[in-house]
Amino acid sequence: MESSPSEGRPKGIRSVIPLVILVATLMADQVTKGLIVLQMDPGQSVPDSGLFRLTYVTNSGSAFGLFPNQTVFLILASFVGIGVLLVFYRTHPVSSTMLHISLGLQLGGAIGNLVDRVRLGHVIDFIDVGSWPVFNLADSAILVGLSGLLWTLVSTRN
């Protein structure tokens, strides 16, 4: 079943998609971070060099290390961002599968990094590609989710 634009709420199987994606993203993020913490020492890279490595680092800031040591601010910003996504999801008239997947990825990623900030005071990062800053699965989910959201908004524009 589709949602009508006036209701702003998805119906049927598509309404479950964001929750499934959110839970899967959150679980994958937390499991991979846990494995890194258990198997590696902070600062360690495997392999020692190369284009793609696993490098265990902590990040007290946001993406690209912005706002270092601003944990309380970043926790509050995360709650605001999650709230904005939830309001958008509940009120946006487009009810597409891509939109639901995108929002599930964004929410799962945001909650994954929020869990780290609340529990540890920083985020665990470990994916090290070339000269790009080290990141994690939550960061990837947020970026892919934002890309899907932008694609959905642009492609459904009249």
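In this chain, residues are counted from 1 in sequence order. The figures here come from the full heavy-atom set of this structure, side chains too, leaving out hydrogens, waters and symmetry mates.
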Legend entry - Minimal non-hydrogen separation, D128 against S45, with atom names: OD2-OG, 4.5 Å
Inset, instruction - Might you point out which heavy atoms bring F52 and P47 nearest each other, and give the distance in Å? - result: O-CD, 3.8 Å
Inset, instruction - From the options V129, V57, V123, select the one residue that forms a side chain to side chain contact (heavy atoms under 4.5 Å, CB included) with F135. - result: V129
Legend entry - Nearest heavy atoms of L114 and S78, plus distance in Å: CD1-CB, 3.8 Å
Legend entry - Residue from I36, L137, V134, D116 passing side chain to side chain contact (heavy atoms under 4.5 Å, CB included) with D125: V134
Inset, instruction - Would you name the heavy atoms of G109 and I142 that are closest together and state the gap between them? - result: C-CD1, 3.7 Å
Inset, instruction - Can you sort out the partners of R117 under salt bridge (Lys or Arg N to Asp or Glu O under 4.0 Å), two or more places apart, ordered by chain and number? - result: none
Inset, instruction - Indicate the atoms forming the closest heavy-atom contact of S102 with G145, along with that distance. - result: CB-O, 3.3 Å
Inset, instruction - Compare all side-chain heavy atoms of L99 with those of L149 and state whether any distance is below 4.5 angstrom. - result: yes
Legend entry - More than 12 heavy atoms from other groups under 6.0 Å of CZ on F88: yes
Legend entry - Transitive ILVMFWY side-chain link V31 to Y56, under 4.5 Å: no
Legend entry - Pairing residues for V144 by the side chain to side chain contact (heavy atoms under 4.5 Å, CB included) criterion, not counting sequence neighbours: L105
Inset, instruction - If a pair satisfies side chain to side chain donor-acceptor pair (under 3.5 Å) and one of its residues is in residues 106-115, list it, with sequence neighbours excluded. - result: K33-N113, N113-N136, N113-D139
Legend entry - Nearest heavy-atom neighbours spanning Q39 and Q44: O-OE1, 4.3 Å
Inset, instruction - Decide yes or no for L107 and I21: does some side-chain heavy atom of the first lie under 4.5 Å from some side-chain heavy atom of the second? - result: no
